Each structure stands twice: as C-alpha cells, then as structure tokens.
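Okay, structure first, notes after.
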Amino acid sequence: MTTSISCVFCRIASGEIPSQILYQDDQVMAFRDIHPQAPVHIIIIPREHIESIAAIGEGSEVLLMSMIRTANELAHKENVAKSGYRLVTNTGPNAGQEVRHLHWHLLGGKPLGPLVC
Ligand code: AMP
C-alpha cells in the first residue's frame with residue numbers, strides 16, 4: 001500500500017497522529033475534523049495514499065463503494081441521515097484542497113445552505 005511520510009492523513013491512518021476515530025477497516029478510516037465547520041464534520045479517507053479523486057482509476061470501485069458505505073453508516077450513527085448531510089471532496093488548489101490525500105467531508109447537523117463559489 002502506498003503511504004507518504006509527509007502526509008497528515010497517512011500519519012493519522014498509521015496512528016502516528018492521534019485523531020477521534022469513528023470507523024476503521026483495512027481500507028477506510030473515518031475521524032472527526034479537527035476544525036469542524038458543522039455540528040457533524042467527519043473526514044473519510046482511504047488508508048492508501050491517493051492524492052485526490054482525480055487520481056482514482058479503474059479498479060477503485062470497491063474502495064469508493066466502501067467509502068460511500070462508511071459515510072452513509074456514519075450519517076445514521078450521528079443522527080443526520082434523516083435531516084440531511086453533504087459529502088464533499090475538494091480536488092486541487094482552486095477547490096481549496098489543503099490535504100493532498102483523497103478525503104470526503106461528511107457535514108451535517110444544521111442547514112448547510114447552498115454551495116457557494
Ligand atoms: P481540504 O481543505 O478539503 O483538504 O480539507 C482538509 C481538512 O482536514 C480540513 O477540514 C482540516 O480541518 C482537516 N484536518 C487537517 N488536519 C487534521 C487532523 N490532524 N485531524 C483532523 N482533521 C484534520
């Protein structure tokens with residue numbers, strides 16, 4: 001599995017940097033965002049270092065399904081499944097991607113408003 005020693009999410013995945021882990025398996029991990037933008041703000045990552053959704057190719061179907069399943073299950077556990085939630089993945093500088101390791105933000109727990117540009 002590819003990892004990067006300089007990547008904060010790889011270091012969270014390895015346990016080197018502590019985080020509030022909500023879910024983990026062989027492929028996927030989910031933890032609370034350190035600077036939450038909503039009452040529920042969870043980061044979902046692959047353990048493998050994949051730079052962004054732009055680097056996803058053939059053969060990643062199982063991983064992507066696993067990430068989506070994790071998001072949906074956590075939305076239920078965090079009681080936002082009925083009220084609604086947003087899954088966002090930023091890709092590249094213009095989208096504001098700060099951490100260059102594929103991740104989804106799971107946001108909910110309040111009206112999130114329209115997407116702003
Ligand atoms: P993005 O701008 O899409 O790359 O989002 C990166 C997210 O990672 C931000 O919401 C940060 O607050 C979050 N983040 C950065 N470092 C940590 C950390 N050590 N633990 C949890 N969340 C983090």
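Heavy-atom basis, side chains included; hydrogens, waters and symmetry copies ignored. Remember, predicted model here, so these are calculated numbers, not experimental data. Start at 1 and go down the list; that is how both ligands and their atoms are numbered.
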Practice item. For F9 and I43, run side-chain contact (heavy atoms from CB on, under 4.5 Å): C-alpha distance rounded to whole Å, both residues' side-chain angles, the deciding distance at 0.1 Å, then the answer. Key: CA-CA 10 Å; F9 286 174; I43 298 288; 3.8 Å; yes
Review point. Does the R47 side chain pair with the main chain of T3, one donor and one acceptor, at a distance under 3.5 Å?
Key: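 It does not hold such a pair.
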Check your understanding: Between E16 and I5, is there a donor-acceptor pair closer than 3.5 Å when you use the side chain of the first and the backbone of the second?
Key ->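 No; zero donor-acceptor contacts below 3.5 Å.
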Between side-chain atoms of residues 52-67 and protein atoms elsewhere (two or more places apart, or another chain), which donor-acceptor pairs fall under 3.5 Å?
residue : atom : partner : partner atom : Å
S52     : OG   : A54     : N            : 3.0
S60     : OG   : G57     : O            : 3.3
E61     : OE1  : G59     : N            : 3.1

What short N/O contacts, under 3.5 Å, does ligand 1 make with the protein, listed by atom pair and distance?
residue  : atom   : partner : partner atom : Å
ligand 1 : 2 (O)  : G96     : O            : 2.9
ligand 1 : 2 (O)  : E98     : N            : 3.2
ligand 1 : 3 (O)  : N90     : ND2          : 2.8
ligand 1 : 3 (O)  : H103    : NE2          : 2.8
ligand 1 : 3 (O)  : H105    : NE2          : 2.8
ligand 1 : 4 (O)  : E98     : N            : 2.7
ligand 1 : 4 (O)  : V99     : N            : 2.9
ligand 1 : 4 (O)  : H103    : NE2          : 3.1
ligand 1 : 5 (O)  : H103    : NE2          : 3.2
ligand 1 : 5 (O)  : H105    : NE2          : 3.2
ligand 1 : 10 (O) : D33     : OD1          : 3.3
ligand 1 : 10 (O) : D33     : OD2          : 2.5
ligand 1 : 12 (O) : D33     : OD1          : 2.5
ligand 1 : 12 (O) : D33     : OD2          : 3.4
ligand 1 : 22 (N) : I34     : N            : 3.1

Practice item. For atom CG of D26, decide whether the heavy atoms of other residues, nucleotides or ligands shown that lie under 6.0 angstrom number more than 12. Key: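 Atom CG in D26 is not packed in, count stays at 12 or less.
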Point to revise | Gap between atom OG1 of T91 and atom CG of L102 - 0.5 Å precision | key: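 So the CG of L102 and the OG1 of T91 are separated by 8.0 Å.
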